[in-house]
Amino acid sequence: MDTKEFKKYGHEFVDWIAEYMDNVETLPVMSRVKPGEIRARIPLTPPGKAESMDRIFSDFKNIILPGITHWQHPGWHAYFPANNSPVSVLGELLTAAIGAQCMIWQTSPAAAELEDAVLEWLRRMLGLPEGMAGVIQDTASTATLCALLSAREKATNFESNEKGLKRPLIVYASQETHSSIEKGVKIAGFGRENLRLIPSDAEFAMIPEKLEEAILKDKAAGLAPACVVATLGTTSSTAVDPLPAIGRIARHHGLWLHVDAAYAGTAAILPEKRWILDGAEDMDSFVFNPHKWMLTNFDCSAYYVKEPGWLIRTFEIHPEYLKTGADPYVKNFRDWGIQLGRRFRALKLWFVIRSYGVEGLQAFVREHCRLAQLFKGWVEKTPNFELMAPVHFGLVSFRLNDGRDEEALTILNRTLMDRLNATGKLYLTHTALRGKFTLRMVIGQRATEERHVRAAWDMIKSISAKLLK
Ligand SMILES: *Cc1c(COP(=O)(O)O)cnc(C)c1O
């Protein structure tokens with residue numbers, strides 16, 4: 001493709017994208033294809049001869065699009081959001097155009113310095129402790145793995161990097177912790193057996209006394225506690241672990257404190273939600289995902305550390321071919337994570353923060369929280385509906401409950417969910433809270449307005465009425 005053709009299709013694609021954004025609401029949220037359906041429409045062998053862009057683009061529309069689940073649909077109430085925004089798409093376009101691989105400062109000084117600057121903006125926006133240093137990772141899972149590896153090296157004074165792990169180190173997290181903690185514990189060599197899942201209270205938050213008990217028990221058994229992971233906004237129900245108490249315990253016992261706020265961290269840009277970060281001064285590391293609720297398209301995960309030295313010493317490498325004269329004066333982000341090669345992700349984040357302004361972003365998040373409270377009110381005052389967890393952010397956990405036994409309630413609510421999702425007008429998913437099948441209504445998609453939430457509730461009520469008849 002030459003640049004003349006590039007311009008032609010570039011304009012066409014941008015027109016298509018704008019139309020998609022305007023009309024995504026008319027498409028079924030969840031893709032309706034059957035397993036293997038898309039694969040069967042793609043030739044087994046690659047084309048030998050060049051194909052026209054017209055043909056490729058038409059296949060995108062006819063073959064690929066029906067197999068897409070539309071995360072940018074205003075009826076998106078599943079999982080957590082993974083929002084984009086027009087301005088972040090434009091930023092991503094420029095990142096692709098520049099095509100820089102930003103492993104070290106010298107391979108694109110602006111990428112390294114903009115990443116530094118924009119993460120300092122974010123630190124101030126959330127009110128994270130002064131001095132915490134940030135780096136962009138691909139996902140929260142990767143950031144948490146970095147935290148676990150740093151904790152491992154700190155606990156063994158960098159001996160495990162040299163000799164491998166010689167004795168078990170123990171990691172603590174709540175029963176409600178995200179699966180990425182278990183994955184990280186396995187990959188980092190702690191072993192799943194050495195992950196202690198601490199019981200949670202009636203609101204699904206970690207019980208600090210139980211954490212301390214577990215640490216003391218392990219110490220008495222001659223084991224070595226190394227790290228505790230607290231969650232602000234758990235995946236199942238957005239529970240908030242009590243950071244001040246957990247921080248005191250971590251500090252007292254010399255444990256690394258990692259905080260996973262992948263989804264809910266964005267809420268800390270609101271003064272009225274800052275309380276979630278009370279106790280933040282005890283954190284050794286913190287992660288949240290602008291690619292979830294901050295209008296910055298996937299991937300973009302912000303990872304912060306109190307003392308970058310632990311991170312850098314864990315990851316740094318000095319092969320001759322990567323040495324540059326600037327090394328003593330700059331940040332080489334290859335030493336701040338697992339990958340060597342890095343995308344220029346700071347650009348889209350910079351665009352988003354500037355284009356919306358902090359106030360614009362706050363207005364979005366605040367509106368989603370308001371709509372969640374509205375929905376919660378409807379659940380609470382409607383017979384046969386049950387609220388399953390406190391609503392702190394944009395998630396309402398609820399179920400239909402007419403008093404039948406638990407097994408029958410599971411079937412009832414699964415049927416409700418399947419019928420709702422089959423309408424194509426909305427998409428919501430479920431979880432289990434203390435073993436109870438629970439529907440998760442997440443309000444956080446960029447385009448979601450009150451009318452969408454009202455329409456969703458009307459559908460929930462009318463399908464429920466039929467199911468209870
Ligand atoms: C979404 C989520 C994760 C995983 O995020 P990725 O960026 O997809 O790895 C981890 N923890 C919590 C609490 C989450 O909500």
Side-chain angles (χ1 to χ4, degrees), residues 69 71 76-84 88 122 126 134-149 171-188 195 197-198 200 203-206 227-243 246 257-268 273 276-277 283 285-304 337-339 343 345 348-349 365 368 372 389 391-397 428-431 433 438 440-445:
T69 289
W71 287 69
W76 182 270
H77 303 296
Y79 308 103
F80 282 132
N83 284 334
N84 70 9
S88 89
L122 274 187
L126 268 65
V135 56
I136 300 179
Q137 307 282 0
D138 52 7
T139 60
S141 303
T142 301
T144 291
L145 177 58
C146 291
L148 288 165
L149 291 166
V171 178
Y172 305 83
S174 96
Q175 282 169 334
E176 296 290 319
T177 201
H178 188 263
S179 55
S180 58
I181 314 306
E182 178 187 325
K183 202 188 224 180
V185 160
K186 290 197 269 192
I187 299 170
L195 173 62
L197 295 180
I198 307 301
S200 56
E203 300 196 338
F204 307 101
M206 191 195 290
C227 180
V228 50
V229 181
T231 310
L232 307 180
T234 58
T235 310
S236 268
S237 71
T238 64
V240 177
D241 288 344
L243 205 48
I246 295 170
L257 173 57
H258 175 59
V259 174
D260 175 4
Y263 156 72
T266 296
K273 298 289 178 194
I276 64 173
L277 283 168
M283 304 189 303
S285 53
F286 171 85
V287 63
F288 91 102
N289 287 343
H291 72 224
K292 275 186 169 156
W293 202 10
M294 208 183 263
L295 309 186
T296 307
N297 65 285
F298 191 86
D299 52 353
C300 184
S301 185
Y303 181 54
Y304 287 87
I338 290 159
Q339 319 167 243
R343 283 162 30 73
R345 300 186 189 90
K348 60 188 174 189
L349 187 53
V365 175
H368 292 151
V391 178
H392 297 300
F393 310 102
L395 166 68
V396 185
S397 310
L428 47 78
T429 50
H430 77 282
T431 190
L433 290 174
T438 300
R440 293 172 76 264
M441 173 78 182
V442 178
I443 298 160
Q445 214 294 314

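Quantities reported herein were computed from a predicted structural model and do not represent experimental measurements. Each ligand, and each atom within it, is numbered from 1 in the order the structure gives.
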Of the non-hydrogen atoms in Ala173 and Ile181, which two are nearest, and what is the gap between them?
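Scanning both residues, the minimum pair turns out to be CB-CG2, 4.3 Å.
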Answer side chain, backbone, both or neither: which part of [X] comes under 4.0 Å from ligand 1, heavy atoms only.
X: Asp260; answer: side chain
X: Ala140; answer: both
X: Asn289; answer: side chain

Which atoms from ligand 1 have a heavy atom of [X] less than 4.0 Å away?
X: Ser180; value: 10 (C)
X: Gly233; value: 13 (C)
X: Thr235; value: 12 (C), 13 (C), 14 (C), 15 (O)
X: Phe80; value: 15 (O)
X: His291; value: 7 (O)

Taking the side chain as C-beta and beyond, is there a heavy-atom pair between His258 and Val228 under 4.5 Å?
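With C-beta onward as the side chain, the pair stays apart.
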For [atom], what's the nearest protein heavy atom and its distance?
atom: atom 4 (C) of ligand 1; value: His178 CE1, 3.4 Å
atom: atom 14 (C) of ligand 1; value: Lys292 NZ, 3.0 Å
atom: atom 9 (O) of ligand 1; value: Ser141 OG, 2.5 Å

Thr234: heavy atom below 4.0 Å from ligand 1, yes or no?
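So Thr234 does not count as touching ligand 1.
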I'd like to know if Ser301 contacts ligand 1, where contact means a heavy-atom distance under 4.0 Å to any ligand atom.
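Contact check Ser301 vs ligand 1: negative.
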Which pairs pass salt bridge (Lys or Arg N to Asp or Glu O under 4.0 Å) with one or both residues in residues 171-180, sequence neighbours excluded?
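As it turns out, there is no salt bridge (Lys or Arg N to Asp or Glu O under 4.0 Å) pair with a partner in residues 171-180 once direct neighbours are skipped.
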Are side-chain N/O atoms of Asp260 and Thr231 paired as donor and acceptor at under 3.5 Å?
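Side-chain D/A pair, Asp260 to Thr231: absent.
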Residues, nucleotides or ligands: over 12 heavy atoms within 6.0 Å of Phe298 CZ:
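Result for CZ/Phe298: enclosed.
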Check Thr69, Val442, Ile443 against Trp76 for a side chain to side chain contact (heavy atoms under 4.5 Å, CB included) and give me the one that passes.
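Among Thr69, Val442, Ile443, the one that satisfies the side chain to side chain contact (heavy atoms under 4.5 Å, CB included) with Trp76 is Thr69.
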Stepwise, does the side chain to side chain donor-acceptor pair (under 3.5 Å) test hold for Ser88 with Asn84?
CA-CA 6 Å; Ser88 89; Asn84 70 9; 5.6 Å; no
Less than 6.0 angstrom separating the ring centers of Trp293 and Phe80, yes or no?
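When the ring centroids of Trp293 and Phe80 are compared, they turn out to be at least 6.0 Å apart.
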Between Asp299 and Arg343, does any NZ, NE, NH1 or NH2 come within less than 4.0 Å of an OD or OE carboxylate oxygen?
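So Arg343 pairs with Asp299 through a salt bridge.
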